[in-house]
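Working notes, beginning with the structure itself.
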Amino acid sequence: MQPSILPTIFSITEDEIDLNALLSQVTLPSTGAAAIFTGMVRGETRRGDAHDTDYLEYEAYIPMAEEKMKQVADEIRAKWESIEGIAIVQRIGKLYPKTPTVLIACTAAHRDTGVFEAARYGIDRLKEIVPIWKREVSPDGQFWVEGDYIPKPGE
Amino acid sequence: MQPSILPTIFSITEDEIDLNALLSQVTLPSTGAAAIFTGMVRGETRRGDAHDTDYLEYEAYIPMAEEKMKQVADEIRAKWESIEGIAIVQRIGKLYPKTPTVLIACTAAHRDTGVFEAARYGIDRLKEIVPIWKREVSPDGQFWVEGDYIPKPGE
Amino acid sequence: MNHVKLLFFATIRERAGTRTLEMDIPEDMTVQGLKEKLANDIPALKESMLSVLVTVNREYAFDEAVIPPNAEIGMFPPVSGG
Amino acid sequence: MNHVKLLFFATIRERAGTRTLEMDIPEDMTVQGLKEKLANDIPALKESMLSVLVTVNREYAFDEAVIPPNAEIGMFPPVSGG
């Protein structure tokens, strides 16, 4: 299949993430399987420092974030050549518990050629190299959530 | 967390599969991650016997299929205790290329405790033990798609 | 005699020419015995009975199982959903 | 001198008290040199400059990189999207 006709969607948006519309956009006539990851705002966290969350406020370095999402999609295609469509979407702004904040969708002809692994890789990489940050507001105050990944030259 | 409050959805339906609504139904205040698998009708198949498909027509032994979907959900919870919500939906009737036909969604607090593996297990088990069949109609004629799994006692 | 209800699906339904069939069977009849009876009574099902999956009251059932009264019996090929 | 535009995000933005800053820097200034200049010029950023991530024209850049003219320079903590 020619890479040029494979749909790749990446966006930073303040709008609701519409899974139905995004899935449709990464579905080709040859597509038989999709793996979709979504992250949501957790209102109640138990692992580590157990606490409640009122909301998260996201910001992004938008033009660079879109370029890095494109890079994540390119990395996915290099690792799993069976992947047909890829969507990578991050919602920003003030987001409340239970709200989907991020989506990675990968499609392929069949379910056994990497769609699950590709979606997992996509969310892991987004959290490493795509310039987006969140500030958490809780009953006990507010703090910036900081990642721990230091990009290497060429990333 | 008490199993009794964990949402488990299973259905056989002739209606469109609404990913947004289903995701919302399996999201708790403690949920931070969801892995969703969907299968679609492939209009163009290249692997194996390459061919085109006009449509698929699904039928199900509905009450037993719902019981077996419940069993698949129970198996998932037994294997991955971190799983919070589970949705298993099969659409039946006459379905055309690019249409989602099946959905498995699994949610948890975090993405690294089995959501991807649980969704993969769910679709694999559905294709083994849930009594649903499809007839394929193509330009060259029509045929029943038959699986190859023989359930064992107790399944 | 036990009264039972048979439900046919997919290829088995097409070959049987019907979705359901009610019948009376001996009280000690096994799944294997029922398959033999159907292969004999309905020639179109003879070949299908060699590889059919059978369920009794919505659980997979195997050749030696004795069929209880008023059983709901499903007969179908290996599943192919998704 | 080279004219450059700085973009601050998250904690760096809050400590800097601004989202953007334009300035002229020596033509041979490296990323390391710029971090030292900011630590010196803006005391509130001094500590942040020890662990800040720096991008030049939307690619991650490292201490020894020389900053080109009209560079768009991003400065931020490790990312935490998702």
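Order of the sequence lines fixes the chain letters, A, B, ..., with proteins taken first and strands second; residue numbering starts at 1 for each chain. As the structure is a prediction and not an experimental result, all values here were calculated from the model.
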* **B/Thr101 portion near chain A, given a 4.5 angstrom heavy-atom threshold** => neither
* Among the listed options A/Ala33, A/Ala21, A/Ser24, A/Ala35, the residue most often paired with chain B at heavy-atom distances under 4.5 Å -> A/Ala33
* Asked: Per the side chain to side chain contact (heavy atoms under 4.5 Å, CB included) rule, which among A/Met40, A/Glu44, A/Lys98, A/Arg42 passes with B/Thr31?
  -> A/Met40
* To do: Among A/Ile17, A/Leu103, A/Leu23, single out the residue with the greatest number of heavy-atom pairs under 4.5 Å to chain B.
  => A/Leu23
* Quick one: what part of A/Thr113 sits under 4.5 Å from any heavy atom of chain B, side chain, backbone, both or neither? -> side chain
* **A/Asn20 side chain to B/Asp18 backbone, donor-acceptor under 3.5 Å** => no
* So which of A/Thr27, A/Thr38, A/Asp124 has the largest heavy-atom pair count under 4.5 angstrom toward chain B? -> A/Thr38
* A/Ala105 portion near chain B, given a 4.5 angstrom heavy-atom threshold -> neither
* Under 4.5 Å heavy-atom distance to chain A, tell me which part of B/Ala119 shows up: side chain, backbone, both or neither. => both
* Asked: Would one find more than 12 heavy atoms of other residues, nucleotides or ligands at under 6.0 Å from atom CD of A/Glu155?
  -> yes
* Using non-hydrogen atoms only, which part of A/Asp52 is less than 4.5 Å away from chain B: side chain, backbone, both, or neither? -> neither
* **Heavy-atom pair count under 4.5 Å with chain A, highest-scoring of B/Asp112, B/Val115, B/Thr99** => B/Asp112
* Heavy-atom contact with chain B under 4.5 Å, split by part of A/Ile104 -> neither
* Can B/Ile36 and A/Leu19 be said to form a side-chain contact (heavy atoms from CB on, under 4.5 Å), step by step? -> CA-CA 10 Å; B/Ile36 305 168; A/Leu19 280 74; 3.5 Å; yes
* Structure fact -> Heavy atoms of B/Arg120 and A/Arg111 approach each other most closely as NH1-O, 3.8 Å
* **Heavy-atom pairs under 4.5 Å with chain B, option from A/Gly39, A/Gly43, A/Pro100, A/Gly32 with the top count** => A/Gly32
